[in-house]
Colleague: 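Can you read through this structure? Questions will come right after.
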Amino acid sequence: MALTEKTLQLMFPNARQQAGVFVSALNAAMARWEIDTPRRQAAFLAQVGHESGQLRYVKELGNDRYLARYDTGTLALRLGNTAEADGDGQLYCGRGLIQVTGRNNYRACSMALFGDERLLKQPQLLEQPQWAAESAAWFWHSRGLNQLADRSEFNRITRHINGGLNGLEDRLKLWARAREVLC
């Protein structure tokens, strides 16, 4: 089912004008990455809705001190960032509608979307609607989340995206609303 501005606004009432900004980008990204059934779309959009504050944010919220957790230590290394306090944690902070985070994910996303490593030099591209939507759909597809959506394994999807169940109540509300609109 192709989204319209109205269906996005029904799912994400806080999106307001942003629904119109993202509708074509989301339709194209979902088609490209096989998020092509109401069940898959509802689960995907619920996660996107939570991660982006209902399409309002395409860059992770947090000051430099907060984002420094990606800059040094175990988490930084796991994300492919350097161990030194050189600012790569802030540079490769969460961006896009599902918040692609860390040098490794930026590189993989860049190769999938562009066939080169341009996101390592221009990570801000993921803040543009087209690439914010494409990166989210790529992340979804690359983690096999369509198959989990087919089986309604929403908590497992959340763990793949978030690493835990943070914001689960909001995600579940958005999922119920998306299923109501799409299914």
Side-chain angles (χ1 to χ4, degrees), residues 1-61 94-102 105-106 108-115 119 125-183:
M1 170 182 186
L3 299 173
T4 65
E5 186 174 348
K6 183 176 180 174
T7 57
L8 269 179
Q9 287 174 337
L10 288 171
M11 286 183 265
F12 306 143
N14 295 333
R16 296 181 186 90
Q17 301 94 337
Q18 289 302 97
V21 170
F22 280 100
V23 69
S24 64
L26 281 166
N27 280 324
M30 289 190 303
R32 177 178 178 189
W33 298 99
E34 300 174 340
I35 305 167
D36 52 7
T37 66
R39 186 175 271 196
R40 289 175 178 187
Q41 291 173 340
F44 173 72
L45 291 167
Q47 295 291 344
V48 160
H50 177 78
E51 292 291 319
S52 68
Q54 297 188 25
L55 307 178
R56 293 176 296 163
Y57 309 109
V58 291
K59 184 176 179 190
E60 186 169 8
L61 300 175
R95 285 191 177 88
L97 293 176
I98 286 191
Q99 306 290 310
V100 171
T101 308
N105 284 321
Y106 273 78
C109 181
S110 192
M111 293 305 293
L113 299 185
F114 304 109
L119 287 177
L125 286 174
L126 295 187
E127 296 176 42
Q128 296 174 6
Q130 177 185 1
W131 304 120
E134 285 285 343
S135 65
W138 160 79
F139 185 91
W140 179 272
H141 187 268
S142 72
R143 295 337 190 249
L145 302 183
N146 276 332
Q147 291 72 27
L148 296 180
D150 291 343
R151 297 189 304 265
S152 296
E153 294 185 41
F154 195 76
N155 286 4
R156 283 188 63 198
I157 292 169
T158 301
R159 288 181 199 281
H160 279 278
I161 291 172
N162 179 261
L165 294 175
N166 295 329
L168 183 61
E169 185 178 331
D170 181 57
R171 293 172 201 268
L172 289 170
K173 285 178 186 173
L174 290 168
W175 188 37
R177 192 177 300 139
R179 284 182 300 179
E180 202 174 287
V181 171
L182 298 172
C183 305

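Index from 1, following the sequence.
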Colleague: Ile161 and Leu145: side-chain contact (heavy atoms from CB on, under 4.5 Å), yes or no, with the steps?
Modeller: CA-CA 9 Å; Ile161 291 172; Leu145 302 183; 3.9 Å; yes
Colleague: Show the nearest heavy-atom pair for residues Arg95 and Leu126, with the distance to one decimal.
Modeller: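 Scanning both residues completely, I find the closest heavy atoms to be CB-CB, 3.7 Å.
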Colleague: Do other residues, nucleotides or ligands put more than 12 heavy atoms under 6.0 Å from the CD atom of Glu180?
Modeller: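 No, because the 6.0 Å sphere around CD of Glu180 holds 12 heavy atoms or fewer from other groups.
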Colleague: With Arg179 as the cation and Trp175 as the aromatic partner, state whether NZ or CZ is under 6.0 Å from the six-membered ring centre and within 45° of the axis.
Modeller: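 Yes, Arg179 lies over the aromatic ring of Trp175.
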Colleague: Under a 3.5 Å distance rule, please check whether Asp36 uses its side chain to pair with a backbone N or O of Met30 as donor and acceptor.
Modeller: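 No, because the side chain of Asp36 does not come within donor-acceptor range (under 3.5 Å) of the backbone of Met30.
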Colleague: For Asp150, is there an ion pair with Arg40 - N to carboxylate O distance below 4.0 angstrom?
Modeller: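 Between Asp150 and Arg40 there is a salt bridge, with a charged N closer than 4.0 Å to a carboxylate O.
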Colleague: One thing to verify: whether Arg32 and Glu134 come together as a salt bridge, which I'm taking to mean a side-chain N less than 4.0 angstrom from a carboxylate O.
Modeller: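 Judged by the 4.0 Å cut-off on N to carboxylate O distance, Glu134 and Arg32 do form a salt bridge.
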Colleague: Quick check for you: to the nearest 0.5 Å, what is the distance between Leu10 atom CG and Thr4 atom OG1?
Modeller: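 Separation between the atoms: 7.5 Å.
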Colleague: Taking C-beta and beyond as the side chain, do Leu55 and Val48 meet within less than 4.5 Å on heavy atoms?
Modeller: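 Yes. Closest side-chain heavy atoms under 4.5 Å.
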Colleague: Under a 4.0 Å threshold between the charged nitrogen and the carboxylate oxygen, would Glu51 count as salt-bridged to Arg171?
Modeller: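 Salt bridge present between Arg171 and Glu51.
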Colleague: For residues Leu45 and Phe12, report the shortest heavy-atom separation together with the two atoms involved.
Modeller: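 Closest approach of Leu45 to Phe12, heavy atoms only: O-CZ, 3.0 Å.
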Colleague: Is the backbone of Arg56 close enough, under 3.5 Å, to the side chain of Gln18 for a donor and an acceptor to pair up by distance?
Modeller: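 The answer is no, because no donor-acceptor pair under 3.5 Å joins these two groups.
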Colleague: Find the distance between CE (Met1) and CG (Asn27) and round it off to the nearest 0.5 Å.
Modeller: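 Interatomic distance, Met1 CE to Asn27 CG, rounded to 0.5 Å: 9.5 Å.
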Colleague: Heavy-atom distance under 4.5 Å between the side chains of Tyr57 and Leu97, does that happen here?
Modeller: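 Not in contact.
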Colleague: Donor-acceptor pair, Gln54 side chain versus Gly49 backbone, under 3.5 Å?
Modeller: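 Side chain of Gln54 to backbone of Gly49, a donor-acceptor pair under 3.5 Å: no, none is there.
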Colleague: Are Gln47 and Trp140 packed together at the side-chain level, in the sense that at least one heavy-atom pair is separated by less than 4.5 angstrom?
Modeller: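 Counting from C-beta outward, Gln47 and Trp140 do come under 4.5 Å.
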Colleague: Over all heavy atoms of both residues, which pair between Cys109 and Ser135 is shortest? Give the atoms and the distance, please.
Modeller: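 The pair with the smallest heavy-atom distance is SG-CB, 3.7 Å.
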Colleague: Measure the spacing between CG of Asn146 and OG1 of Thr37 and express it to the nearest 0.5 Å.
Modeller: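 OG1 of Thr37 is found 7.0 Å from CG of Asn146.
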Colleague: Check whether any side-chain heavy atom of Trp131 lies under 4.5 Å from a side-chain heavy atom of Phe114, and answer yes or no.
Modeller: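 Answer yes - side chains close enough.
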Colleague: Mind listing the closest non-hydrogen atom pair of Cys183 and Pro38 along with its distance?
Modeller: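 Between these two residues, the closest heavy atoms are SG-CB, 3.7 Å.
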Colleague: List the atom of Leu26, the atom of Phe44, and the distance in Å for their closest heavy-atom pair.
Modeller: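 Smallest interatomic distance, heavy atoms only, reads CD2-CE2, 4.0 Å.
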Colleague: Can you confirm if the NZ or CZ of Arg156 lies within 45° of the ring axis of Phe154 and under 6.0 Å from the centre of its six-membered ring?
Modeller: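 Because its charged atom misses either the 6.0 Å distance or the 45° angle limit, Arg156 does not stack over Phe154.
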Colleague: Would you say the side-chain atoms of Gln9 pair up with the backbone N or O of Arg16, donor to acceptor, closer than 3.5 Å?
Modeller: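 Yes; judged by distance alone, with no hydrogens or angles, the pair exists.
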Colleague: Does Glu34 reach the main-chain N or O of Ala31 with its side chain, forming a donor-acceptor pair under 3.5 Å?
Modeller: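 Checked: no pair found.
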Colleague: Counting C-beta onward and ignoring hydrogens, is there a side-chain heavy-atom pair between Leu3 and Met11 closer than 4.5 Å?
Modeller: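 Leu3 vs Met11: side chains touch.
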Colleague: Heavy atoms, side chains only, cut-off 4.5 Å: are Arg143 and Trp138 in contact?
Modeller: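 A side-chain contact exists here, since the closest heavy-atom pair is under 4.5 Å.
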Colleague: For the residue pair Trp33 and Ala112, what are the closest heavy atoms and their distance?
Modeller: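 Minimum heavy-atom contact is CH2-CB, 4.3 Å.
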Colleague: Taking Glu60 for the side chain and Gly94 for the main chain, is one N or O donor matched with an acceptor at less than 3.5 Å?
Modeller: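 Yes, because the side chain of Glu60 sits within donor-acceptor range (under 3.5 Å) of the backbone of Gly94.
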Colleague: Is there a donor-acceptor pair closer than 3.5 Å between any side-chain N or O of Asn105 and the backbone N or O of Thr101?
Modeller: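 Confirmed, Asn105 side chain pairs with Thr101 backbone.
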